[in-house]
Asker: 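My questions all concern the structure below.
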2 protein chains.
Amino acid sequence: MGNPESGDAVEAREKILETAARLFAEHGYENTSISQVARAAQVSKALIFWYFDTKEKLYRSALRKTLEPYIIAIDDLDGRDEQGQIERLIELFAEFVNENVYSVRFFLSMVLQGEHQPDDVIRRVSELYRVFRNLIADIIAGGQSRGVFGQHCNPQLDAAMIMAALDGVLVQNFLSTEFVHDAGEMIAHLKASLLPRLLRADH
Amino acid sequence: MGNPESGDAVEAREKILETAARLFAEHGYENTSISQVARAAQVSKALIFWYFDTKEKLYRSALRKTLEPYIIAIDDLDGRDEQGQIERLIELFAEFVNENVYSVRFFLSMVLQGEHQPDDVIRRVSELYRVFRNLIADIIAGGQSRGVFGQHCNPQLDAAMIMAALDGVLVQNFLSTEFVHDAGEMIAHLKASLLPRLLRADH
DNA sequence: GTCTATATACAGATAGAC
DNA sequence: GTCTATCTGTATATAGAC
């Protein structure tokens, strides 16, 4: 599996990629120079260009690497009622964001600033988001036809609302210092606030 | 009030400031060069340094200028019941964000990225936010003592929740293309979802 | 106050030795 | 593959004429 001439060829490439992914996520595209990456990865600038040709391509490769752990395993939804399933999805989403704070924060600020948004990366992220929302919408629709949720529910809109609230809590969490309540408490409150409204009994 | 030598001295300074504020908000600190600002404001680079010494100081001055319209007039709250007051505050917040989309979006991405955050600017913005949240918390607490809202309410936490949901809706709105529902519809849904829970009757 | 011309630094990128 | 040395562009900032 190794190269004939040099044993750690792949490792240098990997180290550049890891370092670049970290630095880009921490300081953004324009705030990160090839020289910085080279210094931090302990290689020469030229080597970075040897592997990645341009700064732009390095950036794209680094982002793609960052996306690798972006998978949410939705396993244990069976055996729960509709409300329980949605609650579990909310928890999974919060956990996911928590495990990827730095990169999620970075993607968010990337999209907000609107510059240097490789299309494929944006697509992956927003697809993940949409899958999640549709999952919730489907559960609501299913619960509706089973008579658990009322006809006043609008699956797509209610799912979007839950996601929005979730986003808000997590964004506030990013801004931490100034925003008092901790995420766990807020997530619990979110469930208590939004889910009862869906049930058929009241309204 | 004019200078003896040059009639439009102040206007050049103002033009630089306006232009810088716009460009910084559109492209960020690192993506905006003094040369760009000079070209867009139709003055020489040197003049910018004459007035503002360094790029950093120009940035700070531009941000301070951006903050000037950051005032929310809370006038017509009297004559409404508690729920009506909160609904009105939600509308005011949404209107405010809508009238300042570009700069709000910019401040958000600035805080998220964590770099180039002049302390005084951050303070102003987060103070505005806190005032708003406390206003809602006070209304909830007042409604509680008047018996309109139930004892299960937690004024600070419920206010934070409302603000979080509001944030989420508005952030989703920034990301527009990928996120289906329009802000007005979501705001209406937000009121319908969160406020009934506060009332004493149910629960 | 406003300009042109310039100093200085560092960015991205290339050439070529090993 | 990995390096040193260098090219070229552009950034912030300054000097000095008007």
Side-chain angles (χ1 to χ4, degrees), chain A residues 1-63 65 110 113 115-118, chain B residues 1-63 65 110 113 115-118:
Chain A
M1 279 300 188
N3 300 49
E5 299 297 340
S6 170
D8 42 20
V10 177
E11 288 165 35
R13 211 192 114 103
E14 275 306 296
K15 190 166 187 189
I16 293 169
L17 219 39
E18 277 171 34
T19 310
R22 202 190 75 235
L23 292 182
F24 280 134
E26 278 174 17
H27 311 118
Y29 182 80
E30 302 290 342
N31 287 304
T32 307
S33 71
I34 301 285
S35 310
Q36 279 172 261
V37 177
R39 215 173 308 129
Q42 290 170 298
V43 299
S44 68
K45 282 199 290 180
L47 189 62
I48 297 182
F49 284 101
W50 168 259
Y51 280 122
F52 300 99
D53 279 18
T54 66
K55 187 185 179 182
E56 185 68 30
K57 286 184 189 168
L58 171 64
Y59 183 65
R60 294 180 130 86
S61 303
L63 285 195
K65 189 178 175 60
M110 188 177 77
Q113 191 150 345
E115 241 147 323
H116 280 289
Q117 309 189 0
Chain B
M1 281 303 187
N3 301 49
E5 300 297 340
S6 169
D8 43 19
V10 178
E11 287 164 37
R13 212 193 112 103
E14 275 306 296
K15 190 165 187 191
I16 293 169
L17 219 40
E18 276 171 34
T19 310
R22 201 191 75 234
L23 292 182
F24 280 134
E26 277 174 19
H27 312 117
Y29 182 80
E30 302 289 341
N31 286 305
T32 308
S33 71
I34 301 285
S35 311
Q36 279 172 262
V37 177
R39 215 173 309 129
Q42 290 171 296
V43 298
S44 69
K45 286 196 287 181
L47 188 62
I48 297 183
F49 285 101
W50 167 261
Y51 280 122
F52 299 100
D53 278 19
T54 67
K55 188 186 179 183
E56 185 68 31
K57 286 184 189 169
L58 171 64
Y59 183 66
R60 295 182 130 85
S61 303
L63 285 195
K65 188 178 176 58
M110 188 177 76
Q113 190 149 346
E115 240 147 324
H116 280 291
Q117 309 189 359

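Just so it is clear: chains get the letters A, B, ... in the order the sequence lines come, proteins before strands, and each one is counted from 1. Predicted model, so just to flag it, every value in this text is computed and none were measured.
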Asker: Please report the distance, rounded to the nearest Å, between CZ in A/Phe49 and P in D/dG1.
Answerer: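 Whole-Å distance recorded here is 19 Å.
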
Asker: Let me know the distance between NZ of A/Lys57 and C1' of C/dG12, rounded to the nearest Å.
Answerer: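 After rounding, the reported distance stands at 14 Å.
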
Asker: In chain order, what residues pass the salt bridge (Lys or Arg N to Asp or Glu O under 4.0 Å) check against A/Glu26, with sequence neighbours excluded?
Answerer: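 A/Glu26 satisfies salt bridge (Lys or Arg N to Asp or Glu O under 4.0 Å) with A/Arg22 only.
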
Asker: Round to a whole Å and report the spacing from OH of A/Tyr59 to P of C/dG12.
Answerer: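 Rounded to whole Å, this separation is 14 Å.
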
Asker: Collect all protein-nucleotide pairs involving nucleotides 3-5 of chain D in which both atoms are nitrogen or oxygen and the distance is under 3.5 Å.
Answerer:
from	atom 1	to	atom 2	distance (Å)
D/dC3	OP2	A/Ser44	N	3.0
D/dC3	OP2	A/Ser44	OG	3.0

Asker: Return the set of residues passing side-chain contact (heavy atoms from CB on, under 4.5 Å) with B/Lys65 (not counting sequence neighbours), or none when no residue passes.
Answerer: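 Per chain and number, B/Lys65 pairs via side-chain contact (heavy atoms from CB on, under 4.5 Å) with B/Glu14, B/Leu17, B/Glu18, B/Glu68.
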
Asker: Donor-acceptor pairs under 3.5 angstrom involving side-chain atoms of residues 38-50 of chain B: please list them, not counting sequence neighbours.
Answerer:
from	atom 1	to	atom 2	distance (Å)
B/Gln42	OE1	B/Lys15	NZ	3.1
B/Ser44	OG	B/Leu47	N	3.3

Asker: So, taking the atom named CD1 in A/Ile16 and the one named CG in A/Leu23, what distance separates them when rounded to the nearest 0.5 Å?
Answerer: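 Those atoms lie 12.0 Å apart.
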
Asker: Looking at NZ of A/Lys55 and OG1 of A/Thr32, how far apart are the two atoms once the value is rounded to the nearest 0.5 Å?
Answerer: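 That separation rounds to 6.5 Å.
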
Asker: Measure the distance from CD1 on B/Ile48 to P on C/dT2 and round it to the nearest whole Å.
Answerer: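 About 12 Å, once rounded to whole Å.
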
Asker: Kindly compute the distance separating CE (A/Met110) from CD (A/Glu115), expressed to the nearest 0.5 Å.
Answerer: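 Between atom CE of A/Met110 and atom CD of A/Glu115 there are 12.0 Å.
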
Asker: Could you pull out all residues at least two apart from B/Tyr59 that satisfy ring-ring contact (aromatic ring centres under 6.0 Å, His included)?
Answerer: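 With neighbours one apart ignored, the set is B/Phe24, B/Tyr29, B/His116.
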
Asker: Using a cut-off of strictly less than 4.0 Å between a heavy atom of the residue and any atom of DNA chain D, enumerate the qualifying residues of residues 17-37 of chain A by number.
Answerer: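 Residues of residues 17-37 of chain A that come under 4.0 Å of DNA chain D do not exist, since none gets that close.
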
Asker: Atom CG of B/Asp53 to atom P of D/dA15: distance rounded to whole Å?
Answerer: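 Atom-to-atom, B/Asp53 to D/dA15, this comes out as 12 Å.
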
Asker: C/dA13 P sits how many Å from A/Tyr51 OH, rounded?
Answerer: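 For the pair A/Tyr51 OH and C/dA13 P, the rounded distance is 18 Å.
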
Asker: In whole angstrom, what separates A/Lys55's NZ from D/dT8's C1'?
Answerer: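 Taking atom C1' of D/dT8 as the reference, NZ of A/Lys55 is at 17 Å.
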
Asker: Kindly indicate, with the supporting measurements, whether the criterion side-chain contact (heavy atoms from CB on, under 4.5 Å) is fulfilled by A/Arg60 and A/Phe52.
Answerer: CA-CA 10 Å; A/Arg60 294 180 130 86; A/Phe52 300 99; over 6 Å; no

Asker: A/Glu14 CD to D/dG1 P: how many Å, rounded?
Answerer: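 So the CD-P distance, A/Glu14 to D/dG1, works out to 14 Å.
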
